[in-house]
Amino acid sequence: MTIFAERMSHLGTESAFEVLARAKKLEAQGKNVIHLEIGQPDFPTPANICEAACRAMREGYTGYGPAAGLLEFRKVIAEYIAATRDVEVHPDEVVVTPGAKPIIFFTILTLVNPGDEVIYPNPGFPVYESVISFVGAKAVPLPLREEVDFRFRIEDLVSAISERTKLLIINSPQNPTGGLLAVEDLAAIAELANKHDFYVLSDEVYSRMVYGEKHQSILSLPGMKARTILLDGHSKTYAMTGWRLGYGVAPQAITEKMVQLMINSNSCTCSFTQIAGIEALTGPQDAVEQMMAEFQQRRDVIVEGLNAIAGIQCRRPTGAFYVFPNVKQLPLSSDVLADYLLQEAGVAVLSGTAFGEYGDGYLRLSYANSLENIHEALERIQIAVGKLK
């Protein structure tokens, strides 16, 4: 009998991939399923980025590279962050990783001891809580409230802070709600971080996916560069989920520890994908603009359609490509409702509880699908919900 390490009992998973597997199994049995569960752009990676990768392979970028990432890529990232966050960044303050998730792991492994406390958004990306618990720290949820457009209340943050608080995780624009933190939220965080001496991990992987607003980064605020770890990547903005290309920006003392973790875990990030990453940041941005225009149209359609269904209320998100409708008026729990919609309507969605206790009573739907499929999904949901009355 296999005896696993006790820490494995604290490691969670991502429900999106579990629901996707169940939906694929139903499809294999002949059921037609519309996928609104997975957070992946349904657009191809722009051709210029693909060509840059092919050219890099032909030019020999196929061997090991520096654990921190290719210097030419880190320079481009430093310039990009400096231009978009209005703060000076040195390439040695950048670490390139295979996807953005390692920055979550590396930040927590670098900074957090067993018994420390880490505040994280709830509902929020499930990996946050999973990794906090995995290292033996205490995960302290920070409720995101629908009545304030899924931001947090300052008083909730104040009450969550203790003398053991080591790190606060924020995510804006946010998964799963599409919410966006306001400048006053970031200012309050900065004041509290300096007062209570904790770090901030700012997950900004959806920073380019904002509708009608301007993305604001806590890294831009005075004094916050010294205590902020910024997480970003290419997966969402450039439809490069399978390329696994992310990065972190942090004080050099922290990035040096992250490089040690890279050496011990991944050795390095694929070199030719980093050359493609340079092209993504420095090349034409037309494909990104076109993708965002399409996402905004889909957002408007899905919000209007959900609000037209009795028992469902949906706020209009300002970022990412998710909606987080309130389904508390329906007679099923969000867990049961998500399963019901998959089995009865052939629409794969996620229960809000997949993102924490404060997600109870909500569903997450990704509108990274065609308008045709979104219209069809809305019709199916309306019919299925109508049967519950």
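The residues of the chain are indexed from 1 along the displayed sequence. Scope of the values below: all heavy atoms of this structure, side chains included, with no hydrogens, waters or symmetry mates.
- Between Arg208 and Gln285, the side chains place a donor N or O and an acceptor N or O closer than 3.5 Å (distance only, hydrogens not considered).
- The number of heavy atoms from other shown groups lying within 6.0 Å of CD (Glu147) is above 12.
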Applying side chain to side chain contact (heavy atoms under 4.5 Å, CB included) to Tyr120 and Leu167, what does each step give before you reach the verdict? CA-CA 9 Å; Tyr120 70 100; Leu167 178 69; over 6 Å; no
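- Within a 6.0 Å sphere centred on CD of Glu304, heavy atoms belonging to other residues, nucleotides or ligands number 12 at most.
- For Asp360, the salt bridge (charged side-chain N to carboxylate O under 4.0 Å, His left out) test picks out no residue, with sequence neighbours left out.
- The pair Glu191-Lys195 does not meet the salt-bridge criterion, since no charged nitrogen lies less than 4.0 angstrom from a carboxylate oxygen.
- Put simply, the side chain of His90 gets close to the backbone of Asp92: a donor and an acceptor are under 3.5 Å apart.
- Few gaps surround CZ on Phe106; more than 12 heavy atoms of other groups in view lie less than 6.0 Å from it.
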May I have the step-by-step check of side chain to side chain contact (heavy atoms under 4.5 Å, CB included) for Lys166 and Lys138, ending in yes or no? CA-CA 10 Å; Lys166 189 67 173 290; Lys138 180 180 178 182; over 6 Å; no
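- In the model, Arg315 has no side-chain atom that pairs as donor or acceptor with a side-chain atom of Asn326 under 3.5 Å.
- Judged by distance alone, the side chain of Gln382 and the main-chain N or O of Ile309 form no donor-acceptor pair under 3.5 Å.
- For Tyr340, the OH atom sits in a packed shell: over 12 heavy atoms of surrounding residues, nucleotides or ligands are nearer than 6.0 Å.
- Formation of a donor-acceptor pair under 3.5 Å by the Thr165 side chain with backbone atoms of Ile161 is not found in this model.
- The CD1 atom of Ile170 sits 9.0 Å away from atom CG of Asp185, with the distance rounded to the nearest 0.5 Å.
- Annotation: side chain of Arg55 is not in contact with side chain of Tyr61 (no heavy-atom distance under 4.5 Å).
- For Tyr322 and Tyr206, the ring centers are positioned less than 6.0 Å apart.
- Salt bridge status for Arg85 with Glu204: present, with a side-chain N to carboxylate O gap under 4.0 Å.
- Here the two rings, on Tyr80 and His234, have centers that are 6.0 Å apart or farther.
- Between the side chains of Arg316 and Tyr211, no donor N or O sits under 3.5 Å from an acceptor N or O.
- In this view, Glu79 satisfies the salt bridge (charged side-chain N to carboxylate O under 4.0 Å, His left out) rule with no residue, not counting sequence neighbours.
- With hydrogens and angles ignored, the 3.5 Å screen pairs no side-chain donor or acceptor of Ser133 with any backbone N or O of Ser130.
- Two residues are said to be in side-chain contact when any heavy atoms from C-beta on lie closer than 4.5 Å; Val140 and Leu142 fail this criterion.
- Between Glu51 and Arg58, at least one side-chain N (NZ, or NE/NH1/NH2) sits under 4.0 Å from a carboxylate O, which counts as a salt bridge.
- Counting heavy atoms from C-beta outward, Leu201 and Leu168 have side chains that stay 4.5 Å or more apart.
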List the steps, then state whether side-chain hydrogen bond (donor to acceptor under 3.5 Å, both in side chains) holds for Ser207 with Asp232. CA-CA 8 Å; Ser207 61; Asp232 208 335; 3.2 Å; yes
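- By the side chain to side chain donor-acceptor pair (under 3.5 Å) test, Lys214 pairs with no residue at all, sequence neighbours left out.
- With sequence neighbours left out, the side chain to side chain donor-acceptor pair (under 3.5 Å) criterion links Glu344 to Lys387.
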Do Leu144 and Asn122 pass the side chain to side chain contact (heavy atoms under 4.5 Å, CB included) test, and can you show the C-alpha distance, the side-chain angles, and the key distance before you say yes or no? CA-CA 6 Å; Leu144 301 178; Asn122 190 314; over 6 Å; no
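- Between Phe295 and Phe43, the distance from one ring center to the other falls under 6.0 angstrom.
- Under the 3.5 Å distance criterion, with hydrogens and angles disregarded, no donor-acceptor pair is assigned to the side chains of Trp243 and Ser235.
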Should Phe355 and Thr177 be marked as a side chain to side chain contact (heavy atoms under 4.5 Å, CB included) after you check the CA-CA gap, both sets of side-chain angles, and the distance that decides it? CA-CA 10 Å; Phe355 303 92; Thr177 69; over 6 Å; no
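- For the residue pair Thr318/Glu213, the side-chain donor-acceptor check at 3.5 Å is not satisfied.
- A distance-only check finds no donor-acceptor pair linking the side chain of Asn373 to the backbone of Asn369 [under 3.5 Å].
- Between the side chains of Asp86 and Ser220, no donor N or O sits under 3.5 Å from an acceptor N or O.
- Within the 3.5 Å criterion, the main-chain N or O of Gln174 finds no donor-acceptor partner in the side chain of Ser172.
- Between Tyr362 and Phe150, the ring centre distance stays below 6.0 Å.
- Counting heavy atoms from C-beta on, the side chains of Asn264 and Leu261 never come closer than 4.5 Å.
- For the residue pair Tyr128/Asp203, the side-chain donor-acceptor check at 3.5 Å is satisfied.
- Not counting sequence neighbours, the partners of Pro325 by the side-chain contact (heavy atoms from CB on, under 4.5 Å) test are Leu306, Ile312, Cys314, Val323, Leu363, Leu365.
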Distance-only donor-acceptor hits, side chain of residues 29-38, under 3.5 Å, sequence neighbours excluded:
residue	atom	partner	partner atom	Å
Lys31	NZ	Gln343	O	2.9
Asn32	OD1	Arg380	NH1	3.2
Asn32	OD1	Arg380	NH2	2.4
His35	ND1	Glu37	OE1	3.3
His35	ND1	Glu37	OE2	2.8
His35	NE2	Glu27	OE1	3.3
His35	NE2	Glu27	OE2	3.0

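- The line from CG of Leu181 to NE2 of His215 is 8.5 Å long, rounded to the nearest 0.5 Å.
- Of the inter-residue distances, the one linking Ile104 atom CD1 with Ile169 atom CD1 reads 7.0 Å to the nearest 0.5 angstrom.
- With rounding to the nearest 0.5 angstrom, the CG atom of Asp339 is 10.0 Å from the CG atom of Leu332.
- Atom-to-atom distance recorded for Cys50:SG and Glu279:CD is 10.5 Å, nearest 0.5 angstrom.
- Heavy atoms from other residues, nucleotides or ligands lying under 6.0 Å from CZ of Arg145 number more than 12.
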Run the side-chain hydrogen bond (donor to acceptor under 3.5 Å, both in side chains) test on Glu256 and Gln252 for me, step by step, so that the C-alpha distance in whole Å, both residues' side-chain angles and the decisive distance to 0.1 Å come before the verdict. CA-CA 6 Å; Glu256 288 174 353; Gln252 188 173 345; 3.3 Å; yes
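- Ile49 contributes atom CD1, which lies 12.0 Å from atom CD1 of Ile278 (distance to the nearest 0.5 angstrom).
- A side-chain donor-acceptor contact under 3.5 Å links Arg227 and Asn194.
- Looking only at distances, no side-chain donor or acceptor of Ser202 sits under 3.5 Å from a matching main-chain atom of Ile218.
- Within a 6.0 Å radius of CD in Glu372, no more than 12 heavy atoms belonging to other residues, nucleotides or ligands are found.
- Remark: the Thr255 side chain and the Glu93 side chain contain no N/O donor-acceptor pair separated by less than 3.5 Å.
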